[in-house]
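Excluded from the calculations below are hydrogen atoms, water molecules and symmetry mates; all remaining heavy atoms, backbone and side chain alike, are included.
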Amino acid sequence: MPDTPSIPSDRTTRNFRAPRLIFWVGLALRILVTTIGHTYRIRPLQDHFQFGWEMGRIARALATGYGYADPFVGHTGPTAWVPPLYPLLMAAVFKVAGVYSALSAWILLAINSLFSAAIAPAIYEIAARCYNRRVAIWSAWLWALYPAFLQYAIHWVWEMSLTTMLFSFAIVLALRMRGIGEAEPPPNQQSTQRWLLFGFLWGLIALSNSSLLLFLPVCGLWILLSAANKSVAITRAAMASVICLAVIAPWIYRNWTTFHVFIPMRSNLGAEFYAGSGPGSNGFPFVATLPLVERDPETMRYEALGEITWVREQGAKAKAYIDAHRTHFALITLKRIYFYWVSVPHPDEGSPWGEFFRELNYCFLSITGWLGLLLSLKNRTPAAWLFAWTFVLECALSAPARAAHRHPHRLSLSVGSSAQSDVILSEV
């Protein structure tokens, strides 16, 4: 993954910090839309399940003294359905402002808005280091103001904005450690402190959305390839690995002591696999993983067997169904790839033209991002191969068992690597 082009002379005195106005405008806009548009008034259907879905249920259990448990309905026992970082944040807000209250929703969406606005300065630095100040300015303002990028912060009580912010910070740190954009890279560009911060950031990313861990080996190796002293750099990378493991170790230990099996991050693969690819699946992300009825036979089976055994059985049924319906699985996989990059259609959209422009709003930057990536590779832009790997791994993730479970772009790699790479590369 070579990146050896010469650095233009105009980069010698560049300040890679974004104008503060971009961050504050982006934050103010998100909070304003949340407040005026009343997006914090979340419908109370199915006992407020749309308020954070499984994460909201777990946060309620935490706030009311039941521990990390009960991801669906009733008190079904301990869970490892989702990583703990965002549910813990939600639980803290519930403790202060009330469980499923409008105030809690507003606070969480405001926090999401803060995370989302903080991505703009990271995008600016990425673009300034790899391209030029003009691209940096346009990219950062595009993230701050483009309607599609507001949606994840102002509508979804979920970890997407948090994960994307952490991922963007990790990319910025990688560029600094590689010396991208520096006419004369400083001698401490791969210092011990930076490697330790790299490990800490990736530990937090793992606890927010572990899907992005696919990118960690690529990013780490890309940094190591530029090290002047490989042995020292490898030692520091090993220290970063220890820090990363130390961050996630309490969660792994909790899962081991609770379930007596090794669960590194989350336990739900088999269940999602069956719900997204089993009987009745059609490629759309609207199939429930588990009925939200406490006395439903499937819910009672989940509670009686326990999460781990139930998920294992669901996974076995999914594999058997796919073996018997390979053509069906291939077709819905192609459909999910389309949904991942374009957006999930809204069948109940009243106006065909409204639906067309809604999808165009979401897929515009995917298209321009791909075109920008190809141009960057052709021009041997610094870090172009790093960006390329984010897209390659997105393609690998664009057709999992449920690439978009319940709402579009739930796998944050699409919001993380694609959004911040697309918004930059679309300006190239």
Side-chain angles (χ1 to χ4, degrees), residues 46 49 53-55 57-58 69-74 76-83 209-214 252 255-256 258-341 344-345 347 392-414:
Q46 297 176 314
F49 190 64
W53 296 277
E54 296 94 336
M55 288 190 181
R57 287 289 198 260
I58 294 168
D70 309 336
F72 294 104
V73 62
T76 54
T79 184
W81 200 266
V82 293
N209 189 313
S210 52
S211 301
L212 274 72
L213 288 177
L214 282 176
I252 296 174
N255 291 339
W256 177 262
T258 301
F259 299 107
H260 308 292
V261 293
F262 178 67
I263 303 173
M265 282 298 133
R266 55 195 306 179
S267 63
N268 63 336
L269 176 60
E272 301 286 7
F273 198 28
Y274 182 76
S277 302
S281 58
N282 57 9
F284 283 84
F286 307 127
V287 180
T289 310
L290 192 70
L292 295 177
V293 179
E294 196 165 355
R295 303 306 297 174
D296 184 272
E298 193 63 29
T299 303
M300 295 172 66
R301 190 170 76 92
Y302 166 81
E303 182 176 3
L305 293 176
E307 183 169 284
I308 305 306
T309 302
W310 181 79
V311 167
R312 188 180 297 119
E313 290 187 1
Q314 295 296 97
K317 290 194 295 185
K319 292 175 184 177
Y321 184 84
I322 291 171
D323 286 341
H325 302 83
R326 293 181 181 274
T327 302
H328 169 75
F329 181 69
L331 290 175
I332 64 172
T333 295
L334 292 174
K335 189 183 292 187
R336 280 193 290 254
I337 292 172
Y338 173 81
F339 292 162
Y340 187 91
W341 289 99
V344 178
V392 168
L393 293 173
E394 279 187 274
C395 290
L397 281 175
S398 62
R402 302 191 76 189
H405 168 53
R406 200 169 358 274
H407 54 75
H409 298 96
R410 179 162 178 176
L411 285 179
S412 287
L413 190 58
S414 79

Item to check | Atom pair CH2 (Trp81) and CG (Leu269), whose distance is rounded to the nearest 0.5 Å | outcome: 10.0 Å
Checklist entry - Rounded to the nearest 0.5 Å, how far does CZ of Arg326 lie from OG1 of Thr333? => result 12.0 Å
Item to check | Contact summary for Asn255 and Ala80, nearest pair of heavy atoms | outcome: OD1-CB, 3.7 Å
Item to check | Any residue meeting side chain to side chain donor-acceptor pair (under 3.5 Å) with Arg312, in chain and number order, not counting sequence neighbours | outcome: none
Item to check | Value rounded to 0.5 Å, distance of CG in Asn268 from OG1 in Thr289 | outcome: 7.5 Å
Next on the checklist: Going by the rule side-chain contact (heavy atoms from CB on, under 4.5 Å), which residues pair with Thr258 if we only count those two or more places apart in sequence or in a different chain?
Outcome noted: Pro78, Arg254
Checklist entry - Would you find a donor on one side and an acceptor on the other, under 3.5 Å apart, between the side chain of Asp70 and the backbone of Thr76? => result yes
Item to check | Flag side-chain contact, heavy atom, 4.5 Å: Arg57 against Phe72 | outcome: no
Next on the checklist: Quick check: do Trp53 and Val82 have side-chain heavy atoms less than 4.5 Å from each other?
Outcome noted: no
Checklist entry - Quick one: side chain to side chain donor-acceptor pair (under 3.5 Å) partners of Lys317, sequence neighbours excluded? => result Gln314
Checklist entry - OG/Ser267 to CD/Glu272 distance, rounded to the nearest 0.5 angstrom? => result 9.5 Å
Item to check | Set of side-chain contact (heavy atoms from CB on, under 4.5 Å) partners for Ile252, sequence neighbours left out | outcome: Ile248, Phe262
Next on the checklist: Which heavy atom of Glu294 sits nearest to which heavy atom of Met300, and what is that distance?
Outcome noted: O-CG, 3.8 Å
Checklist entry - Who are the side-chain contact (heavy atoms from CB on, under 4.5 Å) partners of His328, not counting sequence neighbours? => result Ser281, Tyr321, His325, Ile332
Item to check | Nearest heavy atoms of Arg336 and Gly276, plus distance in Å | outcome: NH1-O, 3.0 Å
Item to check | Atom of Ala271, atom of Val311 and distance for their closest heavy-atom approach | outcome: N-CG1, 3.7 Å
Next on the checklist: Please enumerate all residues that pass side-chain contact (heavy atoms from CB on, under 4.5 Å) together with Pro291, with sequence neighbours excluded.
Outcome noted: Asp296, Glu298, Thr299
Checklist entry - Would you call Phe273 and Lys319 a side-chain contact if the rule is heavy atoms closer than 4.5 Å? => result yes
Checklist outcome for this item: One should read off an interatomic distance between Glu54 CD and Phe49 CZ, to the nearest 0.5 angstrom, of 4.5 Å
Next on the checklist: So, taking the atom named OH in Tyr302 and the one named OG1 in Thr309, what distance separates them when rounded to the nearest 0.5 Å?
Outcome noted: 11.5 Å
